[in-house]
**Q** 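Below you will find the structure I want to go over with you.
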Protein chains: 2
Amino acid sequence: MADDFDLTGFLPYALTQAADALSLEFQNIYKGQYGMLRTEWRVLFHLGQYGPMTAKHICERGRLHKTKVSRAVAALEDKRYLTRTALEFDRRHEELQLTKSGLGVFSSLKAEAHAFDARVRATMTEDEAKVLQRCVMRIAGLETTSP
Amino acid sequence: MADDFDLTGFLPYALTQAADALSLEFQNIYKGQYGMLRTEWRVLFHLGQYGPMTAKHICERGRLHKTKVSRAVAALEDKRYLTRTALEFDRRHEELQLTKSGLGVFSSLKAEAHAFDARVRATMTEDEAKVLQRCVMRIAGLETTSP
DNA sequence: ACGTATTAGTTTGAAATGTAACTAAATTGA
DNA sequence: TCAATTTAGTTACATTTCAAACTAATACGT
């Protein structure tokens, strides 16, 4: 029997601790500078990174519940970071698109994210970073954009 | 400039997705079988893994806020999984100790956790698993028990 | 010794989340 | 053609979380 199994290394636990540590730190940036919530930042980054899309697509890509997205979209609209346009061919869908202002915030936050990411990766070797990336993406069920 | 930086691989994001995926899956076990919430499972596992301790210690070790621990302890007490004993030398502290029943649940869940962990690790090579473990623990600021 | 400051833990009220019910638009099929 | 179903998104309510105020016990400084 595995009486010596150490729960500290239990992946769901260790991964959560690691994710929380990084997320909380990065939160200071988007929350501190733009008063955004986590889901708002996520919606913003999906629209900035992949271009205009519907809320449904954001839900799928970001694995977010539609109510969360719905509220984040409303908040971002209030901040004038995005606009909605009901699609001609099916008016149930609304295409979400970042405004100039939204794009500006996105690119600023993207730069911060890049710097942040580089800082974290600097604490490991290149090989470690590659393996970490690969394993984490696989566990998350995310696709790597560079195959 | 880093216009090609891919936010999908951004560590706070990818790690959160991975942690969520695993945590949600494991949640089925402790929630489904024992109706426990995440913080309750965490408190249980700290007490089971490291022996009796105060709520304060659990907060520190598990990086949990004291209000969350306070409620989880109350819930576990209701379920008769633990008992509290005010310490003689300072009656502000209460030592938390698992009951027979609590220990039973712990060891059952620990076995499930072990099997679950093994299953996840089976999707990678031994080297990958080692690197992943090391990096994640370092990011999380967790100590490895076997140095 | 005794007023002030700390500390462990609980409670309370506000914000955020998840579930389920709801609205409006479009599709199906009899 | 029009009732029944499906789909995108919102709203309402119940649960969870977070922050700040609170209680009880101890330590500190004079």
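By convention in this document, chain letters (A, B, ...) are assigned in the order of the sequence lines, proteins followed by strands, and residues within each chain are numbered from 1.
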**Q** Return the value, rounded to whole Å, for the distance between atom CG of Leu76(A) and atom P of dT10(D).
**A**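 Answer to the nearest Å: 12 Å.
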**Q** With distance as the sole criterion, is a donor-acceptor pair present between the side chains of Tyr13(A) and Ser23(B) under 3.5 Å?
**A**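 The answer is no; no qualifying pair exists.
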**Q** Whole angstrom is fine here: how far is it from CD in Gln27(A) over to P in dA15(C)?
**A**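 Atom CD in Gln27(A) sits about 16 Å away from atom P in dA15(C).
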**Q** Quick one: does any side-chain atom of His46(B) pair with a main-chain N or O of Arg42(B) as donor and acceptor, under 3.5 Å?
**A**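 Confirmed, His46(B) side chain pairs with Arg42(B) backbone.
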**Q** Within the structure provided, determine whether Ile139(A) and Leu15(A) are in side-chain contact (heavy-atom separation under 4.5 Å).
**A**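 Ile139(A) reaches Leu15(A) side chain to side chain.
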**Q** Could you tell me the separation between the NZ atom of Lys56(A) and the C1' atom of dA25(C), rounded to a whole number of Å?
**A**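 From Lys56(A) NZ to dA25(C) C1': 15 Å.
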**Q** Decide yes or no on side-chain hydrogen bond (donor to acceptor under 3.5 Å, both in side chains) for Arg121(A) and Gln133(A), but give the supporting numbers first.
**A** CA-CA 10 Å; Arg121(A) 285 172 204 273; Gln133(A) 184 82 26; 2.6 Å; yes
**Q** Of the residues in residues 89-96 of chain A, which ones touch DNA chain C at a heavy-atom distance under 4.0 Å?
**A**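 Close to the strand are Asp90(A), Arg91(A), Arg92(A).
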**Q** Are Glu40(B) and Lys79(B) within salt-bridge range, i.e. N to O under 4.0 Å?
**A**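 A salt bridge is present here (some side-chain N lies under 4.0 Å from a carboxylate O).
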**Q** Enumerate all atom pairs, one protein N or O and one N or O from nucleotides 17-23 of chain C, separated by less than 3.5 Å.
**A**
unit_1, atom_1, unit_2, atom_2, d
dG18(C), O6, Arg71(A), NH2, 3.2

**Q** Answer yes or no: is there an ion pair linking Arg84(B) with Glu95(B), defined by an N-O contact shorter than 4.0 Å?
**A**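 Looking at Glu95(B) together with Arg84(B), the answer is no, because their closest N to O distance does not fall below 4.0 Å.
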**Q** Below 4.5 Å, heavy atoms only, C-beta onward: do Phe5(A) and Asp117(B) meet side chain to side chain?
**A**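 Counting from C-beta outward, Phe5(A) and Asp117(B) do come under 4.5 Å.
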**Q** Would you say Ser70(A) reaches dG9(D)'s phosphate, i.e. side-chain N/O to OP1/OP2 under 4.0 Å?
**A**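 For dG9(D), OP1/OP2 do not have a side-chain N/O of Ser70(A) under 4.0 Å.
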**Q** Over the length of the helix from dA1(C)-dT30(D) to dA30(C)-dT1(D), how much do the five-pair end axes diverge, rounded to 10 degrees?
**A**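 If I round to tens, the end axes sit 10° apart.
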**Q** Would you say Thr99(B)'s side chain and Arg80(B)'s backbone share a donor-acceptor pair under 3.5 angstrom?
**A**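 It does hold such a pair.
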**Q** Expressed as a whole number of angstroms, how long is the span from Leu87(A):CG to dA26(C):C1'?
**A**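 These atoms are roughly 13 Å apart.
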**Q** Measure from CD on Glu88(B) to P on dA25(D) and round the result to the nearest Å.
**A**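 Checked: the CD to P distance equals 13 Å.
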**Q** Salt bridge check, Lys130(A) against Glu128(B): does any charged N sit closer than 4.0 Å to a carboxylate O?
**A**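 Looking at Lys130(A) together with Glu128(B), the answer is no, because their closest N to O distance does not fall below 4.0 Å.
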**Q** Are any non-hydrogen side-chain atoms of Leu11(A) and Leu132(B) less than 4.5 angstrom apart?
**A**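 Yes, side chains in contact.
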**Q** Decide side-chain hydrogen bond (donor to acceptor under 3.5 Å, both in side chains) for Thr125(B) and Asp127(B); before the verdict, give the C-alpha distance in whole Å, the side-chain angles of both, and the deciding distance to 0.1 Å.
**A** CA-CA 5 Å; Thr125(B) 68; Asp127(B) 269 355; 5.7 Å; no
